[in-house]
Enquirer: 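Right, I'll just put the structure down here and ask away after.
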Amino acid sequence: GFIKRDTIELTHSKVESFTVNQSILGRVLNYGTVTVNGTGGIKTPVPNVSDPLEFRKRAMETIEP
């Protein structure tokens with residue numbers, strides 16, 4: 001953002017899983033929140049992701065060896 005910015009960095013080895021949450025409207029319009037679940041209980045939500053299931057699929061392909 002212009003005035004404020006919050007960031008969280010996780011290395012690939014620290015990511016355990018991804019969770020996708022979509023409302024009914026999100027399912028219709030194909031957007032949702034992807035939560036990155038890291039080791040140690042770190043949960044980082046990424047809201048308003050377009051095509052969140054595809055995002056999760058590609059992220060998992062990138063992380064897996």
Side-chain angles (χ1 to χ4, degrees):
F2 181 70
I3 295 174
K4 180 181 174 192
R5 178 177 296 161
D6 294 319
T7 64
I8 296 175
E9 295 181 23
L10 289 171
T11 61
H12 290 149
S13 63
K14 300 288 184 185
V15 175
E16 289 183 341
S17 64
F18 294 89
T19 305
V20 174
N21 294 311
Q22 288 181 293
S23 64
I24 294 172
L25 185 59
R27 290 190 65 169
V28 170
L29 299 176
N30 200 21
Y31 74 91
T33 298
V34 176
T35 302
V36 181
N37 303 302
T39 57
I42 298 171
K43 293 186 178 192
T44 307
V46 182
N48 302 318
V49 175
S50 176
D51 200 355
L53 297 176
E54 183 66 19
F55 179 93
R56 179 184 64 184
K57 176 184 166 191
R58 293 201 182 215
M60 290 302 292
E61 289 172 354
T62 301
I63 291 172
E64 293 177 353

Enquirer: Hydrophobic cluster mates of Ile24, side-chain heavy atoms under 4.5 angstrom, ILVMFWY only, any path?
Expert: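 Result for Ile24 is none, singleton.
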Enquirer: Please list, one pair per line, the donor and acceptor atoms closer than 3.5 Å that link side chains of residues 31-45 to other protein atoms, with sequence neighbours excluded.
Expert:
| unit_1 | atom_1 | unit_2 | atom_2 | d |
| --- | --- | --- | --- | --- |
| Asn37 | ND2 | Ser17 | OG | 3.1 |
| Asn37 | ND2 | Thr19 | OG1 | 2.9 |

Enquirer: Show, in sequence, the C-alpha distance, side-chain angles and deciding distance for Gln22 and Asn30, and conclude whether the side chain to side chain contact (heavy atoms under 4.5 Å, CB included) test is met.
Expert: CA-CA 8 Å; Gln22 288 181 293; Asn30 200 21; 4.0 Å; yes
Enquirer: With a cut-off of 3.5 Å and sequence neighbours excluded, list every side-chain donor-acceptor pair involving residues 48-58.
Expert:
| unit_1 | atom_1 | unit_2 | atom_2 | d |
| --- | --- | --- | --- | --- |
| Glu54 | OE2 | Arg58 | NE | 2.7 |
| Glu54 | OE2 | Arg58 | NH2 | 3.4 |

